[in-house]
**Q** 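Dumping the structure here so I can ask a few things about it.
Counting convention: from 1, in listed order, for ligands and their atoms alike.
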Amino acid sequence: MTTSTTQPPETGASQTQDPFETRVNRPVAERISELTKQAKPDTLQHVIFADQFSRAALERLCHLAEAIRTIAKSDEGARALQDLLRHKRTMLYFTQPSTRTFLSFTAACQILGISCNEVRDPRLSSEVKGESIYDSIRMFGSYFDMIIMRTVTPQMSERCAYLVNDIAPRVNRLTPIINAGSGADEHPTQALLDIYTIDRFFNFVKRENPTLPGAGGIDNKTIGFCGDIGRGRTIRSLAQLLAKYNNITMHFIAADEPELRLGADIKAKLTQAGVDVHEHDSLDATHAGSPLLEQLDVLYMTRIQTEHDKDAGKTEARRQNDAMQAFKMTPQRLQQMKPHASIMHPFPRDQRFGEIPPQIDADPRAQYFLQARNGMWARAALLADLFGINDVIETMAKQYT
Ligand code: CP
């Protein structure tokens, strides 16, 4: 396995004359339509951005993830799952660093018997000889049944999906593209696993405490997001998915710096979707007369994405700045939270900044390691859905329950 973290040439969209520029700037409904299987409404052809998922699709995928998990509990079930897609091959094209997304997609493929190959170091690809990313994608599509890609360039996976659609009639093959993180833009499969984690957590709380008010599901929840709101693609994608549920309140907690705060575009989108949106400049803020931390059902922590800082001095200044303590979880702050709240983090957490110190990890509210494991099951469900084997899995689940 190659593990270099070198940034890719990504020559496909670097020119001013990118062939897909007009299409990525169309109204979202048109883009969603082109990324959906025409013969099967609500079924994704390519997975590019969060807005493609309807609430029904999210519920279907959470259910499918639970079914796969149930089947995989026994050796016999795990072996049966591995026979389902043994004839399929996936390319993992990850030219931006990744631990969880890369490995959990690999594991998800293995669960379903899909074989994988990878490009992680663009220095080992012919892009160094001047090949465009579009030519690379066409090549991958010749050899593989699916392309899962992470790039530094926003909307690159969307452009590649349109390329695949355009050439499909000529090559008689349509290779689905999955966006596994695109610049500071979107990370839809992280958002999917986050939804699965929240849903699963509150359903568990309800089973354990049937009379607890508000337990169960995602509706009526109050969600806090803390850290790098402006540059965090996981927050952008997750907030849009949560907006599909009923009576959601969101609190965004970030330092008063334009690049870290909630962007106007996403704020407008959430407000339009009926979300009750609030912004704060500390985890110790109060809201409606009482401490904010006491009100949260979920606190979604994120690291400050220093790789986007223009100069290293700014990064170091933030690490040294006492005012940034306002965006770190501490045992004292944990004490203020509800006994059935969930603390999440997409990871990696930054040990140099310390937004969640390891001493929090043993608290049952700390869900972030489980969240990462849930990613494997949620991604397996997504692959099963894209390859159209939902019904087979649902039938198997009854047998293995
Ligand atoms: N959450 C996430 O995307 O982690 P990786 O960058 O390690 O894949």
**Q** I'd like the residue list for ligand 1, meaning every protein residue with a non-hydrogen atom under 4.0 Å from the ligand.
**A**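 Heavy-atom contacts below 4.0 Å: S98, T99, R100, T101, R150, H187, Q190, P346, F347.
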
**Q** Just by distance, with hydrogens left out, do S290 and Q295 show a side-chain donor and acceptor under 3.5 Å apart?
**A** yes

**Q** Mind checking ring pair (Phe, Tyr, Trp, His ring centres under 6.0 Å) for H251 and listing every partner two or more places apart, or none if nothing turns up?
**A**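 Listed in chain order: H278, H280, H287.
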
**Q** Sequence neighbours excluded, which residues qualify as ring pair (Phe, Tyr, Trp, His ring centres under 6.0 Å) partners of H345?
**A** F347

**Q** Between N321 and A317, is there a donor-acceptor pair closer than 3.5 Å when you use the side chain of the first and the backbone of the second?
**A** no

**Q** Can you list the residues that meet the ring pair (Phe, Tyr, Trp, His ring centres under 6.0 Å) rule with F20, with sequence neighbours excluded?
**A**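 Checked F20 against ring pair (Phe, Tyr, Trp, His ring centres under 6.0 Å); matches are Y134.
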
**Q** Does N172 CG have over 12 foreign heavy atoms under 6.0 Å away?
**A**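 Not buried by this count: 12 neighbours or fewer within 6.0 Å.
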
